[in-house]
Amino acid sequence: MSKHIQAVRGMNDILPDVTPRWRFLEDTVRKLFDAYGYQEIRMPIVEATELFKRSIGEVTDIVEKEMYTFADRNGDMLTLRPEGTAGCVRAGIQNGLLYNQTQRLWYSGPMFRHERPQKGRYRQFHQIGVETFGLTGPDIDAELILMTARLWKQLGLADAVQLQLNSLGSSEARAAYRAILVDYLRVHHAQLDEDSQRRLESNPLRVLDSKNPAMQELIAAAPKLSDHLDEESRQHFTELCALLDAAGVAYTINPCLVRGLDYYSKTVFEWVTDKLGAQGTVCAGGRFDGLVEQLGGKPTAAMGFAMGIERLVALLEEQTMPLRDYQPHAYFVLLGEQAQREGLLLAERLRDAVPGLRIESHCGGGSFKSQFKKADRSGAALALILGEAECEQHTLGIKPLRAEGEQLQLAQHAAAAWLRDYLEQNQYEQEQSSGSV
RNA sequence: GUGGCUGUAGCUCAGUUGGUUAGAGUCCUGGAUUGUGAUUCCAGUUGUCGAGGGUUCGAGUCCCUUCAGCCACCCCA
(Lines give C-alpha, C1' and ligand atoms only; values in the text may rest on other atoms or scores of the structure.)
Protein backbone atom coordinates (compact mmCIF):
# COMPACT_ATOMS: atom_id res chain seq x y z
CA MET A 1 0.00 0.00 0.00
CA SER A 2 2.68 2.45 0.95
CA LYS A 3 4.25 2.05 -2.47
CA HIS A 4 1.12 3.34 -4.14
CA ILE A 5 0.90 7.05 -4.53
CA GLN A 6 -2.06 8.31 -2.59
CA ALA A 7 -4.22 11.35 -3.05
CA VAL A 8 -3.04 14.36 -1.09
CA ARG A 9 -4.53 14.45 2.38
CA GLY A 10 -7.92 16.09 2.48
CA MET A 11 -8.28 16.02 -1.31
CA ASN A 12 -10.84 13.44 -2.29
CA ASP A 13 -11.77 11.55 -5.38
CA ILE A 14 -15.42 12.00 -6.18
CA LEU A 15 -16.42 8.55 -7.36
CA PRO A 16 -19.19 7.42 -9.73
CA ASP A 17 -21.48 6.41 -6.89
CA VAL A 18 -21.81 10.05 -5.76
CA THR A 19 -21.38 12.00 -8.99
CA PRO A 20 -25.11 11.71 -9.81
CA ARG A 21 -25.81 13.73 -6.65
CA TRP A 22 -23.23 16.34 -7.69
CA ARG A 23 -24.82 16.58 -11.12
CA PHE A 24 -28.30 16.89 -9.67
CA LEU A 25 -27.12 19.74 -7.46
CA GLU A 26 -25.16 21.46 -10.22
CA ASP A 27 -27.92 21.11 -12.82
CA THR A 28 -30.52 22.43 -10.39
CA VAL A 29 -28.36 25.38 -9.41
CA ARG A 30 -27.60 26.29 -13.01
CA LYS A 31 -31.29 26.41 -13.93
CA LEU A 32 -32.06 28.39 -10.79
CA PHE A 33 -29.47 31.05 -11.58
CA ASP A 34 -30.76 31.27 -15.14
CA ALA A 35 -34.24 31.85 -13.76
CA TYR A 36 -33.00 34.87 -11.78
CA GLY A 37 -30.87 36.35 -14.56
CA TYR A 38 -27.46 35.57 -13.09
CA GLN A 39 -24.49 35.07 -15.39
CA GLU A 40 -21.69 32.61 -14.97
CA ILE A 41 -18.09 33.74 -14.53
CA ARG A 42 -15.03 31.50 -14.39
CA MET A 43 -11.88 32.65 -12.66
CA PRO A 44 -8.41 31.10 -12.35
CA ILE A 45 -7.79 28.79 -9.42
CA VAL A 46 -4.47 30.49 -8.71
CA GLU A 47 -4.16 34.17 -7.86
CA ALA A 48 -1.48 36.49 -6.50
CA THR A 49 -1.09 35.87 -2.77
CA GLU A 50 -1.46 39.58 -2.16
CA LEU A 51 -5.06 39.50 -3.40
CA PHE A 52 -6.16 37.24 -0.56
CA LYS A 53 -4.13 39.07 2.05
CA ARG A 54 -5.78 42.34 1.12
CA SER A 55 -9.33 41.03 0.86
CA ILE A 56 -9.77 38.30 3.44
CA GLY A 57 -7.64 40.06 6.04
CA GLU A 58 -4.05 39.60 7.18
CA VAL A 59 -4.86 38.29 10.61
CA THR A 60 -7.54 35.76 9.70
CA ASP A 61 -6.85 32.04 10.12
CA ILE A 62 -7.23 31.55 6.40
CA VAL A 63 -4.44 33.91 5.49
CA GLU A 64 -2.24 33.21 8.47
CA LYS A 65 -2.09 29.45 8.32
CA GLU A 66 -4.40 27.84 5.81
CA MET A 67 -3.36 29.04 2.37
CA TYR A 68 -1.54 26.91 -0.18
CA THR A 69 1.08 29.48 -1.13
CA PHE A 70 4.14 28.97 -3.28
CA ALA A 71 6.62 30.85 -5.43
CA ASP A 72 6.33 30.16 -9.14
CA ARG A 73 9.36 29.99 -11.43
CA ASN A 74 9.60 33.76 -11.59
CA GLY A 75 9.55 34.05 -7.83
CA ASP A 76 6.05 35.54 -7.79
CA MET A 77 4.05 34.55 -4.73
CA LEU A 78 0.92 32.70 -5.78
CA THR A 79 -1.88 31.06 -3.82
CA LEU A 80 -4.46 28.39 -4.56
CA ARG A 81 -7.69 30.28 -3.96
CA PRO A 82 -9.16 29.65 -0.49
CA GLU A 83 -12.47 31.24 -1.50
CA GLY A 84 -14.06 32.78 -4.56
CA THR A 85 -15.05 36.34 -3.70
CA ALA A 86 -11.59 37.89 -3.90
CA GLY A 87 -10.92 36.49 -7.36
CA CYS A 88 -14.36 37.48 -8.57
CA VAL A 89 -13.89 41.08 -7.45
CA ARG A 90 -10.43 41.16 -9.00
CA ALA A 91 -11.82 39.83 -12.29
CA GLY A 92 -14.65 42.35 -12.19
CA ILE A 93 -12.32 45.29 -11.67
CA GLN A 94 -9.73 44.09 -14.17
CA ASN A 95 -12.30 43.57 -16.93
CA GLY A 96 -14.33 46.68 -16.28
CA LEU A 97 -17.40 44.76 -15.22
CA LEU A 98 -17.97 46.86 -12.13
CA TYR A 99 -17.66 50.34 -13.60
CA ASN A 100 -20.98 52.23 -13.41
CA GLN A 101 -23.01 49.09 -13.86
CA THR A 102 -24.63 46.31 -11.94
CA GLN A 103 -23.67 42.67 -12.12
CA ARG A 104 -25.22 39.46 -10.92
CA LEU A 105 -22.60 36.73 -11.22
CA TRP A 106 -22.14 33.14 -10.16
CA TYR A 107 -19.25 30.68 -10.24
CA SER A 108 -18.41 27.23 -9.04
CA GLY A 109 -15.26 25.27 -8.51
CA PRO A 110 -12.62 24.00 -6.12
CA MET A 111 -11.18 25.99 -3.21
CA PHE A 112 -8.17 25.08 -1.08
CA ARG A 113 -7.50 25.46 2.61
CA HIS A 114 -4.86 23.64 4.61
CA GLU A 115 -7.02 22.63 7.56
CA ARG A 116 -7.31 19.36 9.43
CA PRO A 117 -9.82 17.28 7.44
CA GLN A 118 -13.07 16.44 9.16
CA LYS A 119 -16.64 15.62 8.27
CA GLY A 120 -17.79 18.31 5.85
CA ARG A 121 -14.36 19.92 5.73
CA TYR A 122 -11.64 19.10 3.24
CA ARG A 123 -8.46 20.68 1.94
CA GLN A 124 -9.81 20.76 -1.55
CA PHE A 125 -13.50 21.50 -1.37
CA HIS A 126 -16.01 22.92 -3.79
CA GLN A 127 -18.15 25.99 -3.62
CA ILE A 128 -20.89 27.49 -5.68
CA GLY A 129 -20.86 31.23 -5.16
CA VAL A 130 -22.89 34.24 -6.16
CA GLU A 131 -21.73 37.85 -6.13
CA THR A 132 -23.74 40.90 -7.03
CA PHE A 133 -22.29 44.38 -7.59
CA GLY A 134 -23.65 47.88 -7.74
CA LEU A 135 -26.86 47.08 -5.87
CA THR A 136 -27.15 48.86 -2.56
CA GLY A 137 -30.59 48.14 -1.20
CA PRO A 138 -32.07 45.42 0.98
CA ASP A 139 -33.99 44.23 -2.07
CA ILE A 140 -30.94 42.45 -3.49
CA ASP A 141 -30.18 40.98 -0.05
CA ALA A 142 -33.69 39.61 -0.03
CA GLU A 143 -33.41 38.33 -3.60
CA LEU A 144 -30.32 36.30 -2.75
CA ILE A 145 -31.94 34.80 0.31
CA LEU A 146 -35.15 34.03 -1.57
CA MET A 147 -33.13 32.42 -4.31
CA THR A 148 -31.37 30.12 -1.85
CA ALA A 149 -34.67 29.32 -0.13
CA ARG A 150 -36.05 28.27 -3.51
CA LEU A 151 -33.01 26.10 -4.08
CA TRP A 152 -33.58 24.17 -0.85
CA LYS A 153 -37.12 23.46 -1.96
CA GLN A 154 -35.97 22.23 -5.35
CA LEU A 155 -33.35 20.03 -3.73
CA GLY A 156 -35.78 18.66 -1.17
CA LEU A 157 -33.75 20.16 1.66
CA ALA A 158 -36.18 22.82 2.84
CA ASP A 159 -36.83 21.03 6.14
CA ALA A 160 -33.16 20.37 6.75
CA VAL A 161 -31.86 23.94 6.89
CA GLN A 162 -32.62 27.07 8.93
CA LEU A 163 -31.79 30.67 8.16
CA GLN A 164 -29.85 32.88 10.55
CA LEU A 165 -29.50 36.61 10.02
CA ASN A 166 -27.58 39.48 11.47
CA SER A 167 -26.29 42.93 10.61
CA LEU A 168 -22.73 44.00 11.26
CA GLY A 169 -23.41 47.63 10.46
CA SER A 170 -21.31 49.85 8.24
CA SER A 171 -17.58 49.28 8.43
CA GLU A 172 -17.30 52.49 10.47
CA ALA A 173 -19.98 51.41 12.93
CA ARG A 174 -18.45 47.99 13.14
CA ALA A 175 -15.00 49.41 13.83
CA ALA A 176 -16.41 51.69 16.52
CA TYR A 177 -18.26 48.81 18.15
CA ARG A 178 -15.18 46.66 17.91
CA ALA A 179 -13.24 49.24 19.93
CA ILE A 180 -15.96 49.37 22.58
CA LEU A 181 -16.08 45.60 22.79
CA VAL A 182 -12.31 45.30 23.07
CA ASP A 183 -12.32 47.82 25.93
CA TYR A 184 -14.95 45.78 27.73
CA LEU A 185 -13.12 42.49 27.16
CA ARG A 186 -9.80 43.93 28.29
CA VAL A 187 -11.35 44.93 31.60
CA HIS A 188 -12.41 41.31 32.08
CA HIS A 189 -9.30 39.85 30.53
CA ALA A 190 -8.67 37.50 33.43
CA GLN A 191 -12.03 35.81 32.95
CA LEU A 192 -11.47 35.09 29.26
CA ASP A 193 -10.59 31.55 28.30
CA GLU A 194 -7.55 30.82 26.19
CA ASP A 195 -9.40 30.87 22.86
CA SER A 196 -11.10 34.13 23.66
CA GLN A 197 -7.87 35.81 24.71
CA ARG A 198 -6.50 34.90 21.33
CA ARG A 199 -9.66 36.10 19.56
CA LEU A 200 -9.41 39.39 21.42
CA GLU A 201 -6.38 40.13 19.24
CA SER A 202 -7.50 38.49 16.00
CA ASN A 203 -11.27 38.82 15.76
CA PRO A 204 -12.87 40.18 18.93
CA LEU A 205 -16.44 39.85 17.64
CA ARG A 206 -15.89 36.11 17.59
CA VAL A 207 -15.57 36.06 21.37
CA LEU A 208 -19.34 36.54 21.44
CA ASP A 209 -19.71 33.26 19.56
CA SER A 210 -17.80 31.19 22.16
CA LYS A 211 -19.22 27.78 23.00
CA ASN A 212 -17.63 27.73 26.43
CA PRO A 213 -20.39 27.77 29.09
CA ALA A 214 -18.06 29.56 31.49
CA MET A 215 -18.00 32.52 29.15
CA GLN A 216 -21.74 32.95 28.71
CA GLU A 217 -22.31 35.34 31.61
CA LEU A 218 -19.56 37.62 30.44
CA ILE A 219 -20.91 37.52 26.89
CA ALA A 220 -24.46 38.28 27.99
CA ALA A 221 -23.24 41.38 29.81
CA ALA A 222 -21.13 42.61 26.91
CA PRO A 223 -22.11 45.64 24.85
CA LYS A 224 -24.43 44.64 22.01
CA LEU A 225 -23.57 45.10 18.37
CA SER A 226 -27.23 45.84 17.66
CA ASP A 227 -27.08 48.84 20.03
CA HIS A 228 -24.22 50.32 18.05
CA LEU A 229 -25.52 50.01 14.51
CA ASP A 230 -25.51 53.14 12.40
CA GLU A 231 -28.92 54.44 11.40
CA GLU A 232 -28.61 53.45 7.75
CA SER A 233 -27.67 49.86 8.55
CA ARG A 234 -30.52 49.62 11.05
CA GLN A 235 -32.96 50.80 8.43
CA HIS A 236 -31.49 48.47 5.81
CA PHE A 237 -31.81 45.49 8.12
CA THR A 238 -35.38 46.33 9.12
CA GLU A 239 -36.41 46.52 5.49
CA LEU A 240 -34.72 43.22 4.70
CA CYS A 241 -36.57 41.53 7.53
CA ALA A 242 -39.86 43.01 6.30
CA LEU A 243 -39.21 41.67 2.79
CA LEU A 244 -38.46 38.21 4.14
CA ASP A 245 -41.58 38.31 6.30
CA ALA A 246 -43.66 39.26 3.28
CA ALA A 247 -42.15 36.41 1.28
CA GLY A 248 -42.86 33.96 4.08
CA VAL A 249 -39.22 33.02 4.68
CA ALA A 250 -38.58 32.07 8.28
CA TYR A 251 -35.39 33.27 9.94
CA THR A 252 -33.71 33.68 13.29
CA ILE A 253 -31.82 36.83 14.15
CA ASN A 254 -28.56 35.72 15.66
CA PRO A 255 -26.68 38.66 17.21
CA CYS A 256 -23.57 36.48 17.50
CA LEU A 257 -23.43 35.71 13.79
CA VAL A 258 -20.20 37.40 12.79
CA ARG A 259 -18.62 35.64 9.79
CA GLY A 260 -14.91 35.15 9.71
CA LEU A 261 -13.80 37.21 6.78
CA ASP A 262 -12.87 40.85 7.30
CA TYR A 263 -14.68 42.26 4.32
CA TYR A 264 -18.26 41.75 5.47
CA SER A 265 -20.47 44.64 6.55
CA LYS A 266 -24.19 45.19 7.11
CA THR A 267 -26.21 42.08 6.24
CA VAL A 268 -24.75 38.66 6.98
CA PHE A 269 -26.62 35.37 6.81
CA GLU A 270 -26.09 31.65 7.17
CA TRP A 271 -28.13 28.61 6.31
CA VAL A 272 -27.35 25.97 8.92
CA THR A 273 -28.27 22.35 9.50
CA ASP A 274 -28.01 20.10 12.53
CA LYS A 275 -27.65 16.98 10.41
CA LEU A 276 -23.98 17.29 9.52
CA GLY A 277 -22.16 17.22 12.84
CA ALA A 278 -19.88 20.10 13.68
CA GLN A 279 -19.81 21.62 10.20
CA GLY A 280 -23.37 22.88 10.12
CA THR A 281 -23.06 25.84 7.79
CA VAL A 282 -24.19 24.89 4.34
CA CYS A 283 -24.46 28.31 2.73
CA ALA A 284 -23.27 31.67 4.00
CA GLY A 285 -22.74 35.17 2.81
CA GLY A 286 -23.29 38.82 3.29
CA ARG A 287 -22.69 42.31 2.12
CA PHE A 288 -19.17 43.54 1.37
CA ASP A 289 -19.64 47.12 0.28
CA GLY A 290 -16.04 48.10 0.96
CA LEU A 291 -14.16 45.35 -0.82
CA VAL A 292 -14.18 46.62 -4.39
CA GLU A 293 -12.69 49.94 -3.32
CA GLN A 294 -10.24 48.16 -1.04
CA LEU A 295 -8.97 46.23 -4.06
CA GLY A 296 -8.55 49.37 -6.13
CA GLY A 297 -11.93 49.77 -7.81
CA LYS A 298 -14.50 52.50 -7.53
CA PRO A 299 -16.61 52.30 -4.35
CA THR A 300 -19.17 49.64 -5.25
CA ALA A 301 -21.85 48.00 -3.18
CA ALA A 302 -21.68 44.21 -3.22
CA MET A 303 -23.54 41.27 -1.76
CA GLY A 304 -22.93 37.58 -2.20
CA PHE A 305 -22.83 34.12 -0.71
CA ALA A 306 -21.18 30.77 -1.16
CA MET A 307 -22.36 27.27 -0.52
CA GLY A 308 -20.31 24.18 0.18
CA ILE A 309 -21.03 21.49 -2.38
CA GLU A 310 -19.67 18.61 -0.30
CA ARG A 311 -21.92 19.60 2.59
CA LEU A 312 -24.99 19.90 0.39
CA VAL A 313 -24.23 16.58 -1.27
CA ALA A 314 -23.91 15.03 2.19
CA LEU A 315 -27.31 16.47 3.08
CA LEU A 316 -28.79 15.08 -0.12
CA GLU A 317 -27.45 11.70 0.96
CA GLU A 318 -29.30 12.06 4.28
CA GLN A 319 -32.55 12.80 2.49
CA THR A 320 -32.42 9.69 0.27
CA MET A 321 -34.09 11.75 -2.38
CA PRO A 322 -34.78 9.92 -5.63
CA LEU A 323 -32.35 11.14 -8.22
CA ARG A 324 -32.59 11.48 -11.93
CA ASP A 325 -30.81 8.44 -13.23
CA TYR A 326 -28.01 8.58 -15.72
CA GLN A 327 -28.08 4.86 -16.38
CA PRO A 328 -28.43 3.63 -19.94
CA HIS A 329 -31.87 2.90 -21.30
CA ALA A 330 -30.54 -0.09 -23.17
CA TYR A 331 -27.60 -2.46 -23.00
CA PHE A 332 -26.51 -3.86 -26.34
CA VAL A 333 -25.68 -7.56 -26.17
CA LEU A 334 -23.52 -8.73 -29.07
CA LEU A 335 -22.61 -12.33 -29.77
CA GLY A 336 -20.20 -13.29 -32.49
CA GLU A 337 -17.66 -11.35 -34.52
CA GLN A 338 -20.15 -10.22 -37.13
CA ALA A 339 -22.52 -8.97 -34.46
CA GLN A 340 -19.74 -7.10 -32.69
CA ARG A 341 -18.92 -5.24 -35.90
CA GLU A 342 -22.50 -4.60 -36.99
CA GLY A 343 -23.73 -3.84 -33.50
CA LEU A 344 -21.28 -1.00 -33.02
CA LEU A 345 -22.60 0.63 -36.19
CA LEU A 346 -26.24 -0.13 -35.45
CA ALA A 347 -25.85 1.51 -32.04
CA GLU A 348 -24.48 4.60 -33.75
CA ARG A 349 -27.47 4.71 -36.12
CA LEU A 350 -29.88 4.35 -33.22
CA ARG A 351 -28.22 7.21 -31.33
CA ASP A 352 -28.48 9.34 -34.49
CA ALA A 353 -32.14 8.51 -34.92
CA VAL A 354 -33.30 8.74 -31.29
CA PRO A 355 -31.96 11.83 -29.54
CA GLY A 356 -31.62 11.33 -25.80
CA LEU A 357 -31.39 7.58 -26.07
CA ARG A 358 -28.67 6.12 -23.89
CA ILE A 359 -27.20 2.84 -25.15
CA GLU A 360 -24.30 1.06 -23.53
CA SER A 361 -22.71 -1.27 -26.07
CA HIS A 362 -21.07 -4.44 -24.88
CA CYS A 363 -17.39 -4.64 -25.70
CA GLY A 364 -14.99 -7.49 -25.31
CA GLY A 365 -17.10 -10.48 -26.28
CA GLY A 366 -18.02 -13.18 -23.80
CA SER A 367 -20.95 -15.54 -23.44
CA PHE A 368 -24.57 -14.47 -23.60
CA LYS A 369 -24.82 -15.31 -19.95
CA SER A 370 -22.06 -12.97 -18.92
CA GLN A 371 -23.29 -10.24 -21.25
CA PHE A 372 -26.80 -10.41 -19.80
CA LYS A 373 -25.33 -10.26 -16.35
CA LYS A 374 -23.59 -7.03 -17.31
CA ALA A 375 -26.78 -5.77 -18.92
CA ASP A 376 -28.57 -6.35 -15.64
CA ARG A 377 -25.84 -4.65 -13.60
CA SER A 378 -25.81 -1.65 -15.89
CA GLY A 379 -29.28 -0.72 -14.70
CA ALA A 380 -30.62 -0.62 -18.25
CA ALA A 381 -34.32 -1.22 -18.70
CA LEU A 382 -33.82 -3.02 -22.00
CA ALA A 383 -31.41 -5.47 -23.52
CA LEU A 384 -30.87 -5.13 -27.24
CA ILE A 385 -29.76 -8.45 -28.67
CA LEU A 386 -27.76 -9.06 -31.80
CA GLY A 387 -26.48 -12.58 -32.43
CA GLU A 388 -25.75 -14.63 -35.50
CA ALA A 389 -29.40 -15.33 -36.27
CA GLU A 390 -30.30 -11.63 -35.97
CA CYS A 391 -27.45 -10.61 -38.23
CA GLU A 392 -28.57 -13.08 -40.82
CA GLN A 393 -32.22 -12.01 -40.69
CA HIS A 394 -31.48 -8.27 -40.14
CA THR A 395 -33.49 -8.32 -36.95
CA LEU A 396 -32.87 -7.14 -33.42
CA GLY A 397 -34.05 -8.74 -30.18
CA ILE A 398 -35.41 -6.44 -27.49
CA LYS A 399 -35.91 -7.86 -24.01
CA PRO A 400 -37.30 -5.91 -21.07
CA LEU A 401 -35.12 -6.37 -18.01
CA ARG A 402 -37.10 -4.37 -15.44
CA ALA A 403 -40.70 -5.02 -16.40
CA GLU A 404 -42.94 -7.89 -17.38
CA GLY A 405 -43.01 -8.79 -21.02
CA GLU A 406 -41.68 -11.18 -23.59
CA GLN A 407 -38.64 -10.60 -25.71
CA LEU A 408 -39.59 -9.36 -29.14
CA GLN A 409 -37.83 -9.54 -32.48
CA LEU A 410 -37.95 -6.47 -34.70
CA ALA A 411 -36.64 -5.74 -38.14
CA GLN A 412 -33.52 -3.63 -37.64
CA HIS A 413 -34.97 -0.76 -39.65
CA ALA A 414 -37.95 -0.64 -37.28
CA ALA A 415 -35.88 -0.48 -34.11
CA ALA A 416 -35.38 3.28 -34.01
CA ALA A 417 -39.12 3.99 -34.19
CA TRP A 418 -39.81 1.41 -31.50
CA LEU A 419 -37.21 2.91 -29.16
CA ARG A 420 -38.50 6.43 -29.80
CA ASP A 421 -41.97 5.30 -28.76
CA TYR A 422 -40.56 3.54 -25.76
CA LEU A 423 -38.77 6.70 -24.57
CA GLU A 424 -41.91 8.80 -25.03
CA GLN A 425 -44.04 6.37 -23.08
CA ASN A 426 -41.57 6.23 -20.25
CA GLN A 427 -40.77 9.92 -20.14
CA TYR A 428 -43.52 10.82 -17.68
CA GLU A 429 -42.33 8.15 -15.32
CA GLN A 430 -38.77 9.39 -15.71
CA GLU A 431 -39.64 12.95 -14.77
CA GLN A 432 -41.67 11.84 -11.78
CA SER A 433 -38.76 9.98 -10.31
CA SER A 434 -36.11 12.41 -11.44
CA GLY A 435 -36.43 15.10 -8.82
CA SER A 436 -34.90 17.49 -11.32
CA VAL A 437 -36.62 20.62 -12.45
C1' G B 1 -2.07 23.36 14.91
C1' U B 2 -4.33 20.19 19.51
C1' G B 3 -6.99 15.78 21.24
C1' G B 4 -9.72 10.86 20.98
C1' C B 5 -10.80 6.41 18.09
C1' U B 6 -9.48 3.22 13.94
C1' G B 7 -6.10 0.77 9.87
C1' U B 8 -6.51 -7.38 8.06
C1' A B 9 -8.77 -9.44 0.24
C1' G B 10 -11.65 -4.45 -4.57
C1' C B 11 -15.76 -3.71 -0.44
C1' U B 12 -17.88 -5.07 4.82
C1' C B 13 -15.57 -7.45 8.68
C1' A B 14 -13.77 -12.18 12.03
C1' G B 15 -8.94 -13.55 13.88
C1' U B 16 -8.84 -16.34 21.55
C1' U B 17 -3.70 -15.27 27.06
C1' G B 18 1.66 -13.96 21.22
C1' G B 19 2.00 -20.28 18.50
C1' U B 20 2.58 -23.85 12.47
C1' U B 21 0.16 -22.60 5.99
C1' A B 22 -4.47 -15.57 8.02
C1' G B 23 -10.48 -16.68 7.53
C1' A B 24 -15.90 -15.46 6.30
C1' G B 25 -19.41 -12.76 3.52
C1' U B 26 -19.70 -9.88 -0.75
C1' C B 27 -17.74 -8.80 -5.48
C1' C B 28 -15.43 -10.91 -9.72
C1' U B 29 -14.58 -15.34 -13.18
C1' G B 30 -16.17 -20.10 -14.95
C1' G B 31 -19.72 -24.08 -14.81
C1' A B 32 -24.76 -26.57 -13.85
C1' U B 33 -28.10 -24.02 -18.63
C1' U B 34 -22.40 -24.37 -25.39
C1' G B 35 -28.63 -18.09 -27.46
C1' U B 36 -30.68 -15.08 -22.39
C1' G B 37 -29.82 -11.30 -16.65
C1' A B 38 -31.63 -10.05 -9.84
C1' U B 39 -32.91 -16.86 -7.49
C1' U B 40 -30.37 -21.64 -6.42
C1' C B 41 -26.14 -24.99 -6.47
C1' C B 42 -20.82 -26.10 -7.55
C1' A B 43 -15.77 -24.55 -8.45
C1' G B 44 -11.86 -20.83 -8.67
C1' U B 45 -8.79 -16.06 -7.99
C1' U B 46 -7.98 -12.62 -4.55
C1' G B 47 -3.48 -10.19 0.93
C1' U B 48 3.83 -6.50 1.82
C1' C B 49 -2.25 -7.89 8.05
C1' G B 50 -1.16 0.78 6.40
C1' A B 51 4.50 1.60 6.55
C1' G B 52 9.24 1.43 9.29
C1' G B 53 11.74 -0.15 13.53
C1' G B 54 11.86 -2.86 18.38
C1' U B 55 10.79 -6.95 22.16
C1' U B 56 10.53 -12.42 21.52
C1' C B 57 12.54 -19.02 19.93
C1' G B 58 8.06 -17.04 17.48
C1' A B 59 4.19 -10.77 16.24
C1' G B 60 -1.98 -9.67 12.49
C1' U B 61 -1.81 -9.76 18.10
C1' C B 62 2.85 -6.36 22.65
C1' C B 63 6.03 -1.50 22.45
C1' C B 64 7.91 2.94 19.70
C1' U B 65 7.84 6.00 15.36
C1' U B 66 5.37 7.41 11.04
C1' C B 67 1.44 7.73 7.38
C1' A B 68 -3.68 7.59 6.40
C1' G B 69 -8.97 7.61 7.70
C1' C B 70 -12.90 9.06 11.02
C1' C B 71 -14.73 12.35 14.90
C1' A B 72 -14.19 16.67 17.94
C1' C B 73 -11.56 21.48 19.23
C1' C B 74 -9.92 25.74 16.49
C1' C B 75 -11.73 27.83 12.02
C1' C B 76 -14.95 27.82 8.08
C1' A B 77 -18.56 26.55 2.89
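These numbers were taken from a predicted model, which means no experiment stands behind them. Residue numbers begin at 1 in each chain, while the letters A, B, ... track the order of the sequences.
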Under 3.5 Å for both donor-acceptor distances, Watson-Crick or wobble: does [N] have a partner, and if so which one?
N      : answer
B:rU61 : none
B:rA43 : B:rU29
B:rG23 : B:rC13
B:rG7  : B:rC67
B:rC73 : B:rG1

Side-chain N or O of [X] versus OP1/OP2 of [N]: is the shortest distance under 4.0 Å?
X        : N      : answer
A:Gln279 : B:rC76 : no
A:Lys373 : B:rU39 : no
A:Arg116 : B:rG3  : no

Nearest of [options] to any side-chain atom of [X]?
X        : options                : value
A:Arg121 : B:rG37, B:rC71, B:rA77 : B:rA77
A:Arg377 : B:rC28, B:rA77, B:rC74 : B:rC28
A:Arg9   : B:rA32, B:rA68, B:rG35 : B:rA68
A:Arg311 : B:rC74, B:rA77, B:rA38 : B:rA77
A:Phe372 : B:rU36, B:rG4, B:rG35  : B:rU36

Would you please classify the geometry between the A:Tyr184 ring and the A:His188 ring as parallel, tilted or perpendicular, with 30° and 60° separating the classes?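 Correct class here is tilted.
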
Go through the side-chain N and O atoms of A:Gln407 and A:Gln409 and say whether any donor and acceptor fall under 3.5 Å apart.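 Result is yes, a qualifying pair exists.
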
Quiz question: by atom type and distance under 3.5 Å, do the side chains of A:Thr395 and A:Glu390 form a donor-acceptor pair?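 Not at all, the side chains of A:Thr395 and A:Glu390 share no donor-acceptor pair under 3.5 Å.
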
Are A:Phe368 and B:rG35 stacked, counting the six-membered base ring, centres under 5.5 Å, planes under 30°?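 Yes, aromatic ring over the base.
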
With sugar-phosphate meaning primed atoms plus P, OP1 and OP2, does A:Gln371 contact a base, only sugar-phosphate, or nothing at under 4.0 Å between heavy atoms?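 No contact at all - A:Gln371 keeps every heavy atom at 4.0 Å or more from the nucleic acid.
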
